[in-house]
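Just so we're on the same page: letters track the sequence lines, and every chain starts at 1. Bear in mind the structure is a predicted one, so any value in this text is a computation, not a measurement.
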2 protein chains.
Amino acid sequence: MLDNTDRLILDELCKNSRITMKDLGEKVHLTGPATSSRVAKLEDRGIIEGYTIKINQDKLGYPVHTMISIITNSPFHDPYLTYLDTQKEFVIHNYKISGDSCYLLECRFPSTEVLDEFLVGLNKHVNYKLSIIINK
Amino acid sequence: MLDNTDRLILDELCKNSRITMKDLGEKVHLTGPATSSRVAKLEDRGIIEGYTIKINQDKLGYPVHTMISIITNSPFHDPYLTYLDTQKEFVIHNYKISGDSCYLLECRFPSTEVLDEFLVGLNKHVNYKLSIIINK
DNA sequence: GTTGAAAGACACCATCC
DNA sequence: GGATGGTGTCTTTCAAC
């Protein structure tokens, strides 16, 4: 399904997705056109979903990184999900999970003050357990 | 610090980081050279950390997505961290967090069988609570 | 998958606003 | 800080092997 060269290509594109097909080819011992063709296939198969950038969220002004376990006894999740929609600026992921919690919510905030405001709103719809991420 | 044009540039680069400076410029109503200069500054300031790709991990063969809360009463975390080093293939993030747990470990596995093997090894060093991510 | 060629596009620079 | 125009280079793409 995926040979070693494909894996090398993915590795290199992870490190630098703006590399040219020719240079990428040199890294994986292939010519430009052959590399280009491999990459096109990886795109077609949906393995490469897109080309993006890594952003430093701290420097962008969102240093407070949190994981919030969402707990609710209510079968109605819509109020919570609707609230999240109003807070998209802070939401990174909202994972539906198995276990004690319903969701695991990853968010980033500019400050603990803003986090506090967010939690006040959140608490109107669900209970939660807050964890601050100290280090990656 | 960061004006609206910079934010637009970051947005567009998130969507497609292989866009040319000229095309990116059109999207943010700037010329190629002006855009290029903005992007260079965003790189220099460390806001753009790099250019990468989005990979579909399901299609790559890692469909089992998990969040594992790591709990230990021991002050020695090294055995755990050393174990993780041997399991890099599966580890996405190992966040040090506040709260009841010491770490929040995000992993992906090819199957529940492989997950099980991982947990058997993990349990030699720490206690854990496993959550499976059902949906993003 | 390789090679070689051709067309086109790109980034960069200097200059000017 | 941005626009313009020109230049040299690089990139991609295609056909033939």
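Going from atom CG of B/L24 over to atom C1' of C/dA11 covers 14 Å, rounded to whole Å. Put simply, CG on B/L30 is 20 Å from P on C/dC17, counting in whole angstrom units. The CG-C1' distance, from B/D23 to C/dG8, rounds to 13 Å in whole Å.
With a heavy-atom cut-off of 4.0 Å to chain A, the contacted part of DNA chain D has its first and last nucleotide at D/dT11 to D/dC14.
Between B/R18 and B/T5, the residue anchored closer to the 5' end of DNA chain D is B/T5, taking for each the nucleotide with the nearest heavy atom. For A/D3 and B/K22, each mapped to the nucleotide of DNA chain C holding its nearest heavy atom, the one lying further toward the 5' end belongs to A/D3.
Shown are A/K54, A/K15, A/R18; of these, the side chain to side chain contact (heavy atoms under 4.5 Å, CB included) with B/T52 is made only by A/K54. For the side chain to side chain contact (heavy atoms under 4.5 Å, CB included) test with B/Y80, the passing option among B/L122, B/D85, B/T72 is B/L122; the others fail. Between A/V39 and the options A/L10, A/D44, A/L24, a side chain to side chain contact (heavy atoms under 4.5 Å, CB included) holds for only A/L24.
Of the possible polar contacts, none joining the A/T112 side chain to the A/L115 backbone as a donor-acceptor pair under 3.5 Å is found.
Annotation: proximity of residues 32-45 of chain A to DNA chain D (heavy atom, distance under 4.0 Å) is found for A/P33, A/S36, numbered in ascending order.
Between B/F90 and B/F118, the angle of the ring planes goes over 60°, which puts this pair in the perpendicular group of the 30/60° scheme. Between A/Y103 and A/H77, the two ring planes are perpendicular [angle over 60°; tilted spans 30° to 60°].
The residue B/T20 sits close only to the backbone: its heavy atoms come under 4.0 Å of sugar-phosphate atoms, none of a base.
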Carefully, step by step, assess A/C14 and B/I55 under the rule side chain to side chain contact (heavy atoms under 4.5 Å, CB included).
CA-CA 9 Å; A/C14 275; B/I55 292 184; 3.7 Å; yes
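Within a 6.0 Å sphere centred on CG of A/D3, other residues, nucleotides and ligands contribute more than 12 heavy atoms.
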